[in-house]
Amino acid sequence: MNGVKFVRGNGGLSRTLSGSDHISGMIVYGESDVAPALVLSIEDLDNDITAVSNPVLHYHVSEFFRINPGAKLYVQSVEESDGVFIEVKTLQNFAGGELRQVAVCDFTTPVASLAARMATLNQIALDLGNLNIPVSFLYSVKVGTLDIASLPNMHTQNADRVTVIIGQDAGGRGKFLAETNPSLSCIGAALGAVSKAMVHESIAWVEKQNLISTAYPKSFTGGAELAREMDVVGLCDGSLITDYTPQQLQAISEKGYVFGVKYTGNVGTYFNDSFTATTLESDYAYLENNRTIDKSIRGIYKALLPRISAPAYVDSDTGYLDVSTVSSLEALCDDVLDQMLRDGEISGYKNYINPAQQILRNSKLEVVSKIVPVGTLREITVKIGLTLQINQ
């Protein structure tokens, strides 16, 4: 109908979220080079990152802020991928070690190289972890139609710091861009969902993580009026979720890949799960497990670092640590985890320092920190039936 219509924008004030859990990084391999840069909103993109010069990077940055406006994002684009990913460490250094999660969109690298590239990213995460800069990776590669049936099982890999994204928008701007940039994935939306979630929360949480919000202006879609982003979903090979039977989708999910799904009777789109590329028996089989332990590590590290080379008093009768020294150090660790407990990010904790440590011999101290995580309701079974009597 005729009339005056308004579309209310969001993000123009560039307000940022509190805390640090949302601070993220994004690297796109396969487009014109863009030096590391900090972006606080989609309006913050400068002339070096446009929908024309870097359509995939521009799209994923847009998707990141669509899902989580106010977050903090460091970005980079690299024309060719050599599989070494040195740019990941460079971007983390550029961000001052602040990056909690990094999305690596490697949309020109074939799925045949997936395992090797994941192993490299996982080693980078281990290297950064050894420097007390823990990070989790989201990763996407080029997936062809013939690849879907033979995708490698992520649960047989040894890359628990890596989550593989094979989902893709199939009706909006993502679909439009995929015509010239196949397998661009929905990694930007996934990174936004991770940064939006508290560290203990799954990105597949239906109540909180609906991936549908709005459609893009025609200026980003070649003049066509397309569906709301992620309302129609598919996989990186261009196929639709509706092309598969529930059993086929379950089989892909059981291999440990992340993509968008629909639930009967619900109008939203949600991620199927939050797997990492490791065995399901691992303590870190899910992204939220990594994020929870990483936040604990960063907090305890920050609390204990000032005590490096500090005096440690010893009980002169036993030669072991003095009770006051033990208590003060345990209290520093307790403060960190107690805050996480109050915030609902963990279920419980225990920090313990065995006083029977002879610090005078080697100047080394061992702290034991045990954390009870928060569970995730992945499957709910309801037993229902008709009966003659309620108490029968």
Side-chain angles (χ1 to χ4, degrees), residues 18-21 23 89 92-93 95-101 122-137 158-162 198-201 276 278-376:
S18 60
S20 303
D21 299 330
I23 302 177
K89 289 185 177 181
Q92 181 67 286
N93 289 337
E98 286 193 321
L99 302 182
R100 271 51 174 172
Q101 47 273 329
N122 201 72
Q123 186 59 52
I124 290 174
L126 295 176
D127 293 342
L128 291 172
N130 290 334
L131 298 174
N132 297 303
I133 313 174
V135 65
S136 292
F137 288 114
N158 187 27
D160 61 10
R161 309 301 311 220
V162 182
M198 295 180 67
V199 294
H200 67 288
E201 295 174 354
T276 62
T278 190
T279 171
L280 287 172
E281 286 71 41
S282 169
D283 287 351
Y284 307 106
Y286 300 97
L287 184 55
E288 58 268 26
N289 302 140
N290 280 327
R291 297 185 72 218
T292 298
I293 200 72
D294 286 353
K295 183 168 185 177
S296 305
I297 289 171
R298 284 178 177 266
I300 293 175
Y301 170 74
K302 185 177 180 180
L304 292 180
L305 181 61
R307 299 302 296 268
I308 293 295
S309 296
Y313 292 98
V314 173
D315 186 314
S316 59
D317 293 328
T318 64
Y320 296 141
L321 287 170
D322 185 77
V323 174
S324 62
T325 298
V326 170
S327 299
S328 64
L329 292 171
E330 286 180 344
L332 290 174
C333 300
D334 286 349
D335 287 344
V336 173
L337 298 185
D338 193 53
Q339 183 62 53
M340 292 184 67
L341 182 63
R342 290 196 300 270
D343 291 340
E345 296 170 331
I346 58 176
S347 297
Y349 70 90
K350 171 74 174 177
N351 291 307
Y352 175 69
I353 298 175
N354 184 354
Q357 298 185 52
Q358 295 185 326
I359 196 77
L360 295 177
R361 284 188 171 181
N362 54 20
S363 297
K364 294 180 179 180
L365 177 73
E366 181 182 89
V367 180
V368 177
S369 185
K370 297 182 178 180
I371 298 172
V372 181
V374 176
T376 300

Legend entry - Within residues 343-357 or reaching into it, pairs that qualify as side chain to side chain donor-acceptor pair (under 3.5 Å) - sequence neighbours excluded: K295-E345, D334-N351, Q339-D343, N351-S369
Inset, instruction - Using salt bridge (charged side-chain N to carboxylate O under 4.0 Å, His left out) as the criterion, list what pairs up with D338, not counting sequence neighbours. - result: R342
Legend entry - Residue pairs fulfilling ring pair (Phe, Tyr, Trp, His ring centres under 6.0 Å) with at least one residue in residues 284-307, sequence neighbours excluded: F275-Y286
Legend entry - Test side-chain contact (heavy atoms from CB on, under 4.5 Å) applied to S328 - qualifying residues, sequence neighbours left out: R307
Legend entry - With sequence neighbours excluded, residues passing side-chain hydrogen bond (donor to acceptor under 3.5 Å, both in side chains) with E281: T279
Inset, instruction - Just do the side-chain contact (heavy atoms from CB on, under 4.5 Å) check on N289 and D283 with the steps written out, would you? - result: CA-CA 7 Å; N289 302 140; D283 287 351; over 6 Å; no
Legend entry - Nearest heavy atoms of A285 and T278, plus distance in Å: CA-CG2, 3.8 Å
Legend entry - Listed partners of R291 passing side-chain hydrogen bond (donor to acceptor under 3.5 Å, both in side chains), at least two apart: Q101
Inset, instruction - List in chain and number order the residues that pass side-chain contact (heavy atoms from CB on, under 4.5 Å) with V314, two or more places apart in sequence or in another chain; answer none if no residue qualifies. - result: I359, L360
Inset, instruction - Name all residues meeting the side-chain contact (heavy atoms from CB on, under 4.5 Å) criterion together with D322; count only those two or more places apart in sequence or in a different chain, and write none if there are none. - result: Y313, S324, T325
Legend entry - Which residues share a salt bridge (charged side-chain N to carboxylate O under 4.0 Å, His left out) with E98, sequence neighbours left out: K72
Inset, instruction - Name all residues meeting the ring pair (Phe, Tyr, Trp, His ring centres under 6.0 Å) criterion together with F137; count only those two or more places apart in sequence or in a different chain, and write none if there are none. - result: none
Distance-only criterion, 3.5 Å: show the donor-acceptor pairs between side-chain atoms of residues 122-132 and protein atoms not counting sequence neighbours.
residue, atom, partner, partner atom, Å
N122, OD1, D160, N, 3.2
N122, OD1, R161, N, 2.9
Q123, NE2, D127, OD1, 3.0
D127, OD2, K89, NZ, 3.4
N130, ND2, L126, O, 3.3

Legend entry - Partners passing side-chain contact (heavy atoms from CB on, under 4.5 Å) against N158 (at least two apart in sequence or in another chain): none
